[in-house]
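Below is one structure, written out as structure tokens; comments come after it.
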Amino acid sequence: MATTAGLRDTAAPLEKTPLETYVPPAKPSLIGLSRAELAARLGDIGVPERQQKMRVQQLWHWLYFRGAQSFDEMTSVSKDTRSGLAERFTVDRPEVVAEQISNDGTRKWLLRLPSGDGLQKAHEVECVYIPETDRGTLCVSSQVGCTLNCSFCHTGTQRLVRNLTAGEIVGQIMVARDRLNDWADRETPHGNRLITNIVMMGMGEPLYNFDAVRDALLIVSDNEGIGISRRRITLSTSGVVPNIRRAGEEIGVALAISLHAVRDELRNELVPLNRKYPIAELLQACRDYPGASNARRITFEYVMLKGVNDSLDDAKLLVKLLKGIPAKINLIPFNPWPGSAYECSDWEQIEKFSEYVFNAGYSSPVRTPRGRDILAACGQLKSETEKLSARERQALRAMAMTD
Ligand code: SF4
């Protein structure tokens with residue numbers, strides 16, 4: 001059962017500001033830079049090479065361990081270095097333009113980012129915090145919009161605008177820690193952090209933005225900084241097969257697959273990327289995923305759609321397909337959104353499906369829908385960009401298939 005108990009005092013709720021008032025940042029932020037990149041920036045402001053390693057350590061600690069929001073706070077860094085940095089850089093995170101708090105404690109932040117093309121325009125992404133009794137999970141976005149157009153997903157109705165940078169991905173976690181007052185030095189003597197887990201399940205397909213997602217997750221999991229263990233970070237993909245192995249080798253986080261169907265014909269419709277990487281290929285990539293074991297199972301996400309993919313035959317075929325893969329199956333009751341073509345399966349049917357899978361030896365929890373009242377639940381993330389016409393969608397789908 002979800003709870004908000006343990007939430008610390010946070011800043012006042014934010015009201016959304018109009019898009020037209022957005023002013024892109026004048027200076028670049030250091031957030032999202034690797035140690036080597038930070039050293040190079042220090043070199044740019046004249047810090048001698050022999051001092052750079054030590055200064056990088058200090059910066060890293062202030063940025064990612066303590067969550068400093070200005071150079072002034074970094075008291076262990078020399079004044080000259082601080083003022084040199086402040087002249088050229090900031091430690092800004094994405095701008096928070098709205099915060100919504102669900103009656104179940106789920107929080108959703110709408111973040112504004114520069115368009116990245118030098119124009120005075122803004123993009124928006126969303127980031128969601130889901131508190132539970134034993135953990136707090138932050139759902140992070142990897143792209144503005146998504147090209148994959150999964151037919152049950154609200155986010156998929158938004159045009160892909162661009163990939164997020166590593167800084168914008170790390171920045172989402174920093175914003176959430178700021179808003180929840182969840183940095184290390186504010187920890188209570190016995191307290192754990194509120195954000196214990198990260199899921200790359202927000203807007204976008206993370207494996208279509210591989211380098212930035214990898215760089216960001218390496219920062220997030222760094223022990224001397226944000227320090228969220230790789231075991232507590234899950235990357236969810238709809239099945240970009242060539243990058244699945246790379247994710248295991250280069251990032252080493254837990255893997256989740258948005259499966260949703262057990263027959264290619266249906267999966268082609270629900271997750272159109274399946275036409276490019278069909279189920280058999282996808283499951284082979286899962287069998288080969290580096291580091292998968294009974295202790296580190298691959299999660300298969302399965303949204304329950306009434307009369308579409310929820311029969312007992314589907315459950316049987318699912319069990320057959322997953323043979324030999326250390327797997328758990330998350331059953332997700334469908335969250336309807338305005339204009340969606342599907343209905344959520346009946347509760348009784350979800351239970352039958354779950355029971356069959358469970359009796360076959362797989363953990364098969366039914367995920368409690370969270371944040372329904374603020375449209376923060378799975379597949380509902382969508383910022384303000386207009387809905388696409390059917391023709392535009394088709395064109396984008398074709399583009400994604402030829403990537
Ligand atoms: S489910 Fe994921 S990959 Fe599919 S459209 Fe939605 S955001 Fe994109």
Side-chain angles (χ1 to χ4, degrees), residues 128 130 139 146-158 199 201-205 236-239 256-280 282-283 286 298-322 327-358 360 362-373 375-382 387-388 390 393-394 396-397 400:
V128 180
I130 306 145
C139 180
C146 186
T147 46
L148 294 187
N149 303 125
C150 300
S151 55
F152 58 88
C153 172
H154 199 204
T155 305
T157 62
Q158 191 191 334
V199 291
M201 290 185 189
M203 295 169 117
E205 165 52 63
S236 173
T237 176
S238 29
I257 303 289
S258 297
L259 189 65
H260 310 307
V262 287
R263 293 178 185 83
D264 281 321
E265 206 189 349
L266 177 61
R267 194 163 189 272
N268 287 345
E269 186 191 317
L270 296 180
V271 185
L273 185 67
N274 194 70
R275 291 189 209 138
K276 197 169 178 189
Y277 305 114
I279 293 173
L282 173 59
L283 295 183
C286 293
I298 296 173
T299 304
F300 289 85
E301 308 280 348
Y302 198 96
V303 65
M304 298 300 290
L305 304 172
K306 186 174 183 171
V308 175
N309 65 354
D310 63 350
S311 71
L312 263 194
D313 281 348
D314 289 310
K316 284 178 190 164
L317 188 50
L318 176 63
V319 165
K320 214 163 139 192
L321 285 175
L322 296 185
K328 61 182 171 199
I329 295 111
N330 268 356
L331 299 177
I332 308 163
F334 176 63
N335 286 301
W337 38 272
S340 63
Y342 303 101
E343 278 177 71
C344 181
S345 306
D346 294 333
W347 191 251
E348 201 184 309
Q349 191 58 25
I350 297 178
E351 282 192 330
K352 271 193 205 154
F353 194 106
S354 168
E355 200 178 293
Y356 183 87
V357 175
F358 180 79
Y362 294 98
S363 148
S364 55
V366 179
R367 213 199 272 162
T368 324
R370 302 295 304 270
R372 270 188 159 161
D373 52 329
L375 278 188
C378 285
Q380 292 186 313
L381 292 186
K382 185 177 186 292
K387 223 176 146 186
L388 296 180
R393 275 205 201 209
Q394 229 171 20
L396 284 170
R397 204 170 286 175

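- For the pair Asn335 and Cys344, the minimum side-chain heavy-atom distance is 4.5 Å or more.
- Across every non-hydrogen atom of Ser236 and Glu205, the tightest pair is O-OE2, 4.4 Å.
- Of all the heavy atoms in Cys146 and Asn149, the pair that sits closest is O-ND2, 4.2 Å.
- Phe300 has its ring centre no less than 6.0 Å from the ring centre of Tyr362.
- Between Ser363 atom OG and Ile329 atom CD1 the span is 7.5 Å, to the nearest 0.5 Å.
- Taken to the nearest 0.5 Å, the CG atom of Asp313 stands 10.5 Å off from the CZ atom of Phe353.
- Partner of Ile350 under the side chain to side chain contact (heavy atoms under 4.5 Å, CB included) criterion, chosen from Glu355, Lys306, Met304: Met304.
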**Request:** Apply the test side-chain contact (heavy atoms from CB on, under 4.5 Å) to residues Thr237 and Ile257: give CA-CA distance (whole Å), side-chain angles for both, the deciding distance (0.1 Å), then the verdict.
**Result:** CA-CA 5 Å; Thr237 176; Ile257 303 289; 3.8 Å; yes
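- In this structure, the side chain of Asn309 engages the main chain of His260 through a donor-acceptor pair within 3.5 Å.
- At least one side-chain heavy atom of Asp314 sits less than 4.5 Å from a side-chain heavy atom of Tyr302.
- Here the side chains of Phe334 and Leu305 are in contact, with some heavy-atom distance below 4.5 Å.
- Every residue meeting the side chain to side chain donor-acceptor pair (under 3.5 Å) condition with Glu351, not counting sequence neighbours, appears here in chain and number order: Trp347.
- Ser238 approaches Leu148 most closely through the heavy-atom pair OG-CD1, 3.2 Å.
- Distance alone, capped at 3.5 Å, is enough to place a donor-acceptor pair between the Asp264 side chain and the Ile279 backbone.
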**Report entry** Worked check of side-chain contact (heavy atoms from CB on, under 4.5 Å) between Tyr356 and Ser364
**Finding:** CA-CA 9 Å; Tyr356 183 87; Ser364 55; over 6 Å; no
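- Looking at Met201 and Val128, their side chains never come closer than 4.5 Å, going by heavy atoms from C-beta outward.
- Heavy atoms only, all atoms of each residue included: Tyr342 and Leu270 are closest at OH-CD2, 3.4 Å.
- Taking every heavy atom of both residues into account, Cys139 and Gly202 meet most closely at SG-N, 3.4 Å.
- Atoms CD and CZ, on Glu269 and Arg275 in that order, are 9.0 Å from each other to the nearest 0.5 Å.
- Note that CG of Leu322 and SG of Cys286 are 8.5 Å apart. Values are rounded to the nearest 0.5 Å.
- Within the model, atoms CG of Leu259 and CG of Asn274 stand 8.5 Å from one another, a figure rounded to the nearest 0.5 Å.
- Glu301 is linked by a side chain to side chain donor-acceptor pair (under 3.5 Å) to Arg367, counting only residues two or more places apart in sequence or in another chain.
- Closest approach of Val357 to Ala315, counting heavy atoms only: CG2-CB, 4.3 Å.
- Within the model, atoms CG of Leu331 and CG of Leu318 stand 8.0 Å from one another, a figure rounded to the nearest 0.5 Å.
- Looking at Asp310 and Lys352, no side-chain N of the basic residue comes within less than 4.0 Å of a carboxylate O on the acidic one, giving no salt bridge.
- Residues that satisfy the side chain to side chain donor-acceptor pair (under 3.5 Å) test with Ser258, not counting sequence neighbours, are absent from this structure.
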